[in-house]
Amino acid sequence: MNILMATSECLPYSKTGGLGDVAYSLSKEFVKKGHNVLVVSPLYKKKFDFEKNHVTFIYSFPVKMSWREQNANVLYCLHDGIDYFFIENDYYFSRDGGLYGFYDDGERFAFFSNAVIELIKHLPFRIDICHVHDWQGGMIPCILKNLYQNDQVLGKIRTVLTIHNPLFKGYLSRESLGDLFNLPLWLYDNGSVRFDNQVSTLKAGIKFADKITTVSPTHAFELTTVEGSKGLWYDLVLRQNDFVGILNGMDYKEFDPSKDSSIYHKYNVKNCLTDKKINKEIFANEHGLDQNKPLFAVVSRLTDQKGLDLIYAMAEHLIGNGGTFAVLGSGQYDTEQMFNDLYARHPNDTFVYIGYSDDIAHKLYASSDFFIMPSAFEPCGLGQMIAHRYGSLPLVRRTGGLKDSVICYDKERKNQDVANGFGFDDYNQDAARWCVDLALDTFFNHKKVFNELVHNAMKTDHTWDKSADKYLELYELVLSYNN
Ligand code: GLC
């Protein structure tokens, strides 16, 4: 199959969150299974290392958006068997700052979406599946369905939209339909792409993609409920026969405690009970923490989605009850200050790193006993899976992908033969503290159970194999509609 991934970010070239990981590791799995994968993404020039990444210029074409005409240069490289096509345009993508967050993000990704369509026209072979991600790619299925339905080549392409984060709708004005996409305004007037009295590119994707997915089965359910859908339930219920949740996997090569050169001491599932500890000992000594106390870690963007108030309550509670706490992340200024303040009050039990460092993140996964992730909502989540891989037991709020990927220890049911973490349901501080208490009790008073859970965690299978097959089945299914 020829699969085109249109994505606003993809490792190893760009990433702000889980989408960058998923676009890359899923594509790699498709290649392993014998498919051709083209990843198309913008070239964020200020962040791109031209020396290190050998890219070849292939062609240049104009992208017309009514009165605007902007040029797209297409650069190419092959990496891990994946064909990367970068859309280069200095006006839109050569900027200081992050990947997103500019006043004209809507226009930037309108340009990107139009450029993807132009690129497809230039390719010397046919694309079977165009898989788009989040609001940035949402308009592509809409353009294909409305402007190219009868085209011999483009009309045959089948589209899949994956929702990684339902919070971001991709808002644009009604007029932008014609102005940026050459689409008729009646698509807005009849409600097809209207959301909150604006155009939403995410909604356009939901309406026009052949299939819609999100990144876990539980989140797929949540997205059809009033409470859990960030407003999308109505549109997703209408498309429920074409909507499915497929749990993300993770990159087992990138995160491997038996080969990881960032961590202090390598270990594997066989020697984890003795050798993992060495990491905590060194980490604790380096940062003035007590190595005999359990270490709870957080590696996260510090945004409300991640349950910041619960993280803070859990940190206070565990420090007061014989634990140590480490956090690495950046985001909301007030939260960063809160953690700095926590450190000022408990310097011997706290490690705070505001910012991001891959190296320290890996060290934290390897050194910690527990990994805290009490998200308010979490379509899938990657941290809990990496934690498993490093034998750090996740403490999660059972929502979205956290519910689907962590088997929570239940003291009454004695499920220590299968459990690989701890969890609670309700979003409140009492429930979160209860969960910390159970983790501490297991660590201090039931060492055998604790060790079993660590073992289970390290054995958990979060590879892409099965989930990639589910995507491929879905692709086959939509392609069969062609016949
Ligand atoms: C988004 C979601 C996260 C998910 C990731 C990759 O960042 O918030 O839950 O794991 O996308 O799908």
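Ligands are counted one by one from 1 in listed order, and the atoms in each one are counted from 1 as well.
Listed by number with element, the atoms of ligand 1 under 4.0 Å from a non-hydrogen atom of Gln305 are 8 (O). Of all atoms in ligand 1, listed by their number and element, those nearer than 4.0 Å to a heavy atom of Val215 are 12 (O). Taking every non-hydrogen atom of Val22 and a distance limit under 4.0 Å, the qualifying atoms of ligand 1 come out as 6 (C), 12 (O).
A cation-pi contact, defined as under 6.0 Å to the ring centre and within 45° of the axis, links Lys363 to Tyr264.
Aromatic pair Phe450/Phe370: centroids less than 6.0 angstrom apart.
Between Lys33 and Asp465 there is a salt bridge, since at least one side-chain N of the basic residue sits less than 4.0 Å from a carboxylate O of the acidic one. Between Arg95 and Asp104 there is a salt bridge, since at least one side-chain N of the basic residue sits less than 4.0 Å from a carboxylate O of the acidic one. Under 4.0 Å is where a charged nitrogen must lie from a carboxylate oxygen, and between Asp469 and Lys466 no such pair does. For Glu473 and Lys470, the salt-bridge test fails: no basic side-chain N is under 4.0 Å from an acidic carboxylate O.
Within the 4.0 Å heavy-atom cutoff, His219 does not count among the residues contacting ligand 1. At least one heavy atom of Pro379 sits less than 4.0 Å from an atom of ligand 1.
Only the side chain of Asn248 comes within contact range of ligand 1, with a heavy atom under 4.0 Å; no backbone atom does.
Closest protein heavy atom to atom 3 (C) of ligand 1: Glu378 OE2, 3.3 Å. Looking at atom 5 (C) of ligand 1, its nearest protein heavy atom turns out to be Gly18 CA, 3.8 Å. Nearest to atom 1 (C) of ligand 1 among the protein's heavy atoms is His164 O, 3.3 Å.
Ligand 1 has a nitrogen or oxygen under 3.5 angstrom from a nitrogen or oxygen of Gly381. Considering backbone and side-chain N/O atoms, Cys380 comes within less than 3.5 Å of an N/O atom of ligand 1.
Of the residues Val327, Leu395, Leu328, the one that meets the side-chain contact (heavy atoms from CB on, under 4.5 Å) test with Val298 is Val327.
Note: Tyr471 and Tyr475 have tilted aromatic rings, judged against thresholds of 30 and 60 degrees for the angle between ring planes.
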